[in-house]
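Heads up, the thing below is written out as structure tokens.
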Amino acid sequence: MVLASMAGRLRPVVKQPQLLALANNNFHSNSVPGSSSSASSRLVHLLRQSSNVSFVTSIHCKIVKLGAVYSGSTSNHLLTSYVRLGQIAHAQNLFVEMPQTDIVTWTSLMSGYISANQPHKAISLFQDMHLHEIKPNHYAFCTAINACSHLAMLNLGQQIHAQVEVHGLTSDTVVCSALIDMYGKSEGALYARRIFDQMKNQNVITWSSMVSVYSQNAQGYEAIALFGKFLHVGVPNPFILSSVVNACASIGQLGLGKSMHCKVIRHGHELNYFISGALIDMYAKCGCFESSKNVFDRIESQTLVPYTSMIVAAGKYGFARYALDLFDEMRNEGIIPNDVTLLGVLHACSHAGLVDMGLRYLHSMKYEYGIKPCAKHYTCTVDMLGRAGRLDEAYQLSKEVHAEGPDKLLLWSAFLSACRTHRRLDLAAEAADRLAEFDSDVAGPLVVMLNTYVSAGKWKNAANVWSTMKQKGIYKEPGCSWVEVKNKVYVFYVGEVSSAGTRAAEVMDLLEEFEVKMRERGFVGSGSSWVEEEEGDKRVIVGVHSERLALGFAHLSVPDGVTIRVMKNLRMCKDCHDWFKRVSDIVGRVIVVRDLNRFHQFSFGSCTCGDYW
DNA sequence: ATAGGGTTAG
């Protein structure tokens, strides 16, 4: 290891023009077919070192001009170089020209398509291989599975899995790891686990894949439990650590998150930027903005992702000014923002009510940062305008955006929510038309529509929507949030006020005060509700929901007194933050939990928790 | 020799 890196450092650096000269010489002195084995091996050596496209292209041209026959392996190297440099068009042309191809050729091009974000083309190639009498091997299967993973199509993945079985590759560790990952990304966590359990030779990567499967499928506790088992058999690396930090974030487990942070430090991975990003996000989601900032400030050389994580975190907490300062700082350091960064910036503006500034960022995205706004950016903007009551502008923008499928659903749902909040029935009807194509299987828009009619007092229309939903058997998961208290998970569903617990009056006062504050900040909307449950012979307040917040209060009799914990789904502005602090002074520790109810539809910046009924 | 598996921000 040490020797290798030393050698790498000591090797003289050859500049590309010199390389080219070298290539020419090599080629001229060895251009007789049949005696070129050393020439092609040197050519291959040069290709492997090449780091710019024109160099590779010039070698390609030389080969063609001199009329040399494409020898299988040399042209494979050429193709791999194109793929490595992201030149999928060149790779594709070369592939078409090659008189002979082998399994390596096909696999290389497949992986090229995957890196070019065209996984369906990789799948087509895989399916066409047998027409050219190319037999897939474990490399080809891995690549094909990887393509399925990008497409997240369970059926397709299962088909390839079946072929893996037929080809007797089920004992290949790498193939199995790829399958685990593929199932994880296609919502097939159970299949993934089955493969994991049946494997004979698991390694860090297998474990790491399995941990991230759970992280990605809202099974944070399973992820953490599996990680615990792993610690008995292996040493964690940055991959598995970032996954497990992510799992802690997803379940709002600050304590566990902190102990994972300790493990990260102990294993010397604190400065890994994947991990930094995960830690910043974890602390933000667990209610410790200060800790996010500490992790961020400790990073020595900044990169895009931690910056973006931090901007998003600041936006989430309503620190828009800080988020925008970070954005400026990042640009001054020459770090190029991407679409997610800009989404975070828009989100921050939206949460702080900086509507015009948000609009300026949106409009400057393309020419200033070279990022074409996508449906998500527009949805965020529509939401921002909608919150500010600028419904007509929001409508205008929504109409101009080209969005299809889930993007369209989110866009018009955001607009519809704004119509509901501001009771604009006329525009709500427009939104409902746009959403009509989705009503067969998605409850969200119908529920918002129903609520819009209800809040406008149009009971007959509301009843119609209601009966449509009943007829079609559409069921909306009730809004819920949840918290863990003393190893027990409490799930809080939306419901009605029934009666009060011992400190209910106090809680109710706080809630009312909170709503007054929300109204002062321009919030328009209605009411809150809370839920009560029996626990043994005690009455327990288990949940309070307000329009924009889902607060879970677990009011439990515990030895050291009453514990009330507060959760929230999204949005925490400065006011909310202060308010939570006050609640925590009165009732104890406050935690903030990400809502993981996967049936919720989020348009970035708003939560359909307001959609309950 | 050339092709294969896992990680972060929405």
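Note that these values count all heavy atoms, side chains included, but never hydrogens, waters or copies made by symmetry. Below, chains carry the letters A, B, ... as their sequence lines are ordered, and counting in each starts from 1.
Of the candidates B/dG6, B/dA9, B/dG4, B/dG6 carries the atom nearest the A/K185 side chain, counting heavy atoms from C-beta on. Proximity note for A/S242 (side chain, C-beta onward) versus B/dT2, B/dT7, B/dG10: the nearest is B/dT7. The A/I103 side chain lies nearest to B/dA3 when the options are B/dG5, B/dT2, B/dA3. Closest approach to the A/N137 side chain among B/dA3, B/dG4, B/dT7 is made by B/dA3 (side chain taken as heavy atoms from C-beta onward). You'll find that the side chain of A/V312 is closest to B/dA9, out of B/dT7, B/dA3, B/dA9. Of all nucleotides listed (B/dA3, B/dG5, B/dA9), B/dA3 comes nearest to the side chain of A/T107. Of the candidate nucleotides B/dG6, B/dT8, B/dG4, B/dG4 has the atom lying nearest to any side-chain atom of A/S111. Among the nucleotides B/dG6, B/dG5, B/dT8, the one closest to the side chain of A/S212 is B/dG6. Side chain of A/V174, nearest nucleotide from B/dG5, B/dA9, B/dG6: B/dG5. Counting only heavy atoms from C-beta on, A/D181 has its side chain closest to B/dG6 among B/dG10, B/dA9, B/dG6.
When the side-chain nitrogen and oxygen atoms of A/Q216 are compared with OP1 and OP2 of B/dT7, one or more of them lie within a distance under 4.0 Å. One finds a side-chain N or O of A/N246 lying less than 4.0 angstrom from the OP1 or OP2 phosphate oxygen of B/dA9. Close to B/dG5, at under 4.0 Å from its OP1 or OP2, lies a side-chain N or O of A/N146.
Ring geometry, A/H132 versus A/W106: the interplanar angle falls from 30° to 60°, so the pair is classed tilted. Classification of the A/Y82-A/H90 ring pair by plane angle, with boundaries at 30° and 60°, yields parallel.
Counting distance only, with no hydrogens placed and no angle test, the side-chain atoms of A/N76 and the base atoms of B/dA1 include no donor-acceptor pair under 3.5 Å. If you check distances only, the side chain of A/S209 never reaches the base of B/dG6 with a donor-acceptor pair under 3.5 Å.
Residue-level contact check: A/S177 touches the bases, meaning some heavy atom is under 4.0 Å from a base atom. No engagement by A/S149 is indicated, since no non-hydrogen atom pair under 4.0 Å with the nucleic acid exists. If you check every strand for non-hydrogen atoms under 4.0 Å, A/S276 touches nothing. Residue contacts shown for A/V204 include a base, since a base heavy atom lies under 4.0 Å away.
In summary, the side chains of A/W412 and A/S398 do not present any donor paired with an acceptor at a separation below 3.5 Å, with no hydrogens or angles considered.
For the pair A/V213/A/D181, no side-chain contact is recorded, criterion being any heavy-atom separation below 4.5 Å from C-beta on.
Atoms OH (A/Y139) and C1' (B/dG5) sit 12 Å apart, rounded to a whole Å. At whole-Å resolution of the value, CG in A/N237 and C1' in B/dG5 are 13 Å apart. At whole-Å resolution of the value, CZ in A/F296 and P in B/dT8 are 19 Å apart. Rounded to whole Å, atom P of B/dG4 lies 22 Å from atom CG of A/N201. If you measure from atom OH of A/Y283 to atom P of B/dA9, you get 16 Å, rounded to the nearest angstrom. Across the protein-nucleic acid pair, A/I205 atom CD1 and B/dG4 atom P stand 13 Å apart, rounded to whole Å. Between A/M110 atom CE and B/dG5 atom P there is a gap of 11 Å when expressed in whole angstrom units. For A/Y183 and B/dG6, the OH to P distance is 16 Å, given to the nearest whole Å.
Scanning all heavy atoms of the two residues, the minimum distance from A/K258 to A/M282 falls at N-CE, 4.4 Å. When all heavy atoms of A/I275 and A/H269 are compared, the closest pair comes out as CD1-CB, 3.7 Å.
Side-chain rings of A/F227 and A/W207 stay apart, their centers remaining 6.0 Å or farther from each other.
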